[in-house]
Amino acid sequence: MATLPTIRLHNTLTRNTEPLVPLEPGHVGIYTCGSTVYKYAHIGNLRTYLFGDLLHRTLEYLGYEVRYVKNITDVGHMRDDQLDAIDGEDKIERAAETEGKSPMEIADFYTEAWLEDERLLNILPADVMPRATEHIGEMVSLTEQLLANGLAYEVDGTIYYDVSAFPSYGQLSGQKVEETHAGHRVEVESDKHDPADFALWKRAGERRLMKWPSPWGDGFPGWHIECSAMSLKHLGERFDVHTGGIDLKFPHHEDEIAQSEGALGHPVVSAWMHGEFLTMGDAKMAKSAGNIIRVADLPDLGYEPLAFRYLALTAHYRSKLDFTEDAMHAAASGLARLRRAVSAALTDGSVDLADEPMASYRARFTDAVADDLALPKALAIAHEVVSDADLADAQRRAVLLDFDRVLGLSLDAPLPEEEPLPEGAAELLERRAAARVAKDWATSDALRDELAALGVEVHDTPEGQRAAAAR
Ligand code: AMP
Ligand code: ZN
């Protein structure tokens, strides 16, 4: 087998961008923390799943065989993580109560809605999508193992992890145990030995719907133990990459390391990767902040879902990305530009990507994506291909469709049919183009108004003005 290109990834644990050395040559196992299925996902959540998809697609583009596991959290995620024991409210149970449905109906409904959003964004399906409620046995065993290893204790049917017994606790997030106290609400009564300890298994209160028998009585798992149990089961005792949004670094992933390594006695994950937030108005997009947009809202705002995927490619996954109308508008025109270039040729039948200059473009694209998923750079290379007048239409098409295996923008999608412009519009557009070349902005603006009166909207883009019949 030919040697595959090396991919360099930023590892939150080591704080370095380092080459990934797969545990099994040519194969990469990835675990992504999936959605808690009690509400619709918003496009901020989906930015994080897009990041996982870009890693998945990049590895496959480079020739690796990927086993991708993304879980479904359908129990145990509390509205307030600090209310560990029986007082806490499970997000799924709460939604079930509000919507008058069973927890299972809630989970099924929002799982389907989430997966539909992923499909609309061309996120490739994971190989395994384990549900937390189908892994309760594994979670109980892991909890038993942690008790046996002296890393956990029971208080009245609830099992807590004893953070002080795991010396490297805090290494991922860079927090010292004492500092983690600051984030804990002191007014909350708790029977934990220490505020930094967290529940592995919780005793079920009387009103609790989702509960299972355990050696400690009826109860349910904590959110963090779920990901330890499901990742170990589906990827083995050591695997390559674990991803999630930046807010999962602490406490979720810190706790996952303490659990998995505490149970097994050795490191489990080679690289921890975290994606930055999507913001809107410079605040994190979040249901609680009331600034959420769903994939299903995008068409009403005038954008196809894949324009959002394009937007996600314009920022590195470790940078914040602000969702604005201007940015979406630019994304939609960038996407249209790539698609026009692809549709200029009907086939790429005779093009050999190993020939020059295609091979050089591919090599540069490969270097970009293999450099910690530098998608903005990769996208710029795609636009260079569009601008390269020396390429034949079929060559351009072939290279862009090859890049699309990573970009996932459906670049061969049919172009939307443009309505013919009304009579007289063409002449006004020509005059306006001339006025703009002459930097005669007053005439240009006056002509824009005349066009608007005819029902024609004009947008000025880097490639010149673009006109469409207003709908
Ligand atoms: P949740 O359903 O709240 O568990 O979140 C699901 C995923 O979305 C997690 O990986 C979060 O880190 C991520 N996430 C939440 N809000 C945002 C945001 N505004 N931008 C990007 N990722 C987010
Ligand atoms: Zn998780």
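Order of listing sets the numbers, starting from 1, for every ligand and every atom in it.
- Atom 14 (N) of ligand 1 has its closest protein heavy atom at N45 ND2, 3.5 Å.
- Those atoms of ligand 1 with a heavy atom of L248 less than 4.0 angstrom away are 9 (C), 10 (O), 12 (O).
- Surrounding NZ of K320 are at most 12 heavy atoms belonging to other residues, nucleotides or ligands under 6.0 Å away.
- Protein heavy atom closest to atom 16 (N) of ligand 1, with residue, atom name and distance, is K284 CE, 3.4 Å.
- Using a 4.0 Å cutoff on heavy atoms, H274 does not count as a contact of ligand 1.
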| salt bridge (Lys or Arg N to Asp or Glu O under 4.0 Å) evaluation trace for K211 with E93 | CA-CA 11 Å; K211 57 187 171 191; E93 289 208 353; over 6 Å; no
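- Of all heavy-atom pairs between K202 and P221, the closest is CE-O, 4.5 Å.
- Side-chain N/O atoms of Y153 and D197 include a donor and acceptor closer than 3.5 Å.
- The nearest N, O or S atom of H253 is not closer to the Zn ion (ligand 2) than 2.8 Å.
- From the protein, the heavy atom lying nearest to atom 19 (N) of ligand 1 is M285 O, 2.8 Å.
- Among all heavy-atom pairs drawn from L264 and V268, the shortest one is CD1-CG2, 3.8 Å.
- Within the 2.8 Å limit, H224 places no N, O or S atom next to the Zn ion (ligand 2).
- Between M285 and the choices I43, L321, T279, the side chain to side chain contact (heavy atoms under 4.5 Å, CB included) rule is met once, by I43.
- Y49 OH, 3.1 Å is the protein heavy atom nearest to atom 6 (C) of ligand 1.
- Of the listed options D247, T36, T48, T73, D247 places a heavy atom closest to atom 11 (C) of ligand 1.
- Of the options G245, G275, G44, A312, the smallest heavy-atom separation from atom 23 (C) of ligand 1 is shown by G44.
- For atom 20 (N) of ligand 1, the nearest protein heavy atom (residue, atom name, distance) is L278 N, 2.8 Å.
- The protein heavy-atom contact nearest to atom 18 (C) of ligand 1 is F277 CD2, 3.5 Å.
- Looking only at atom types and distance, the side chain of H234 has a donor-acceptor partner in the side chain of H135 under 3.5 Å away.
- Across L20 and A271, no two heavy atoms sit closer than the pair CD1-CB, 4.4 Å.
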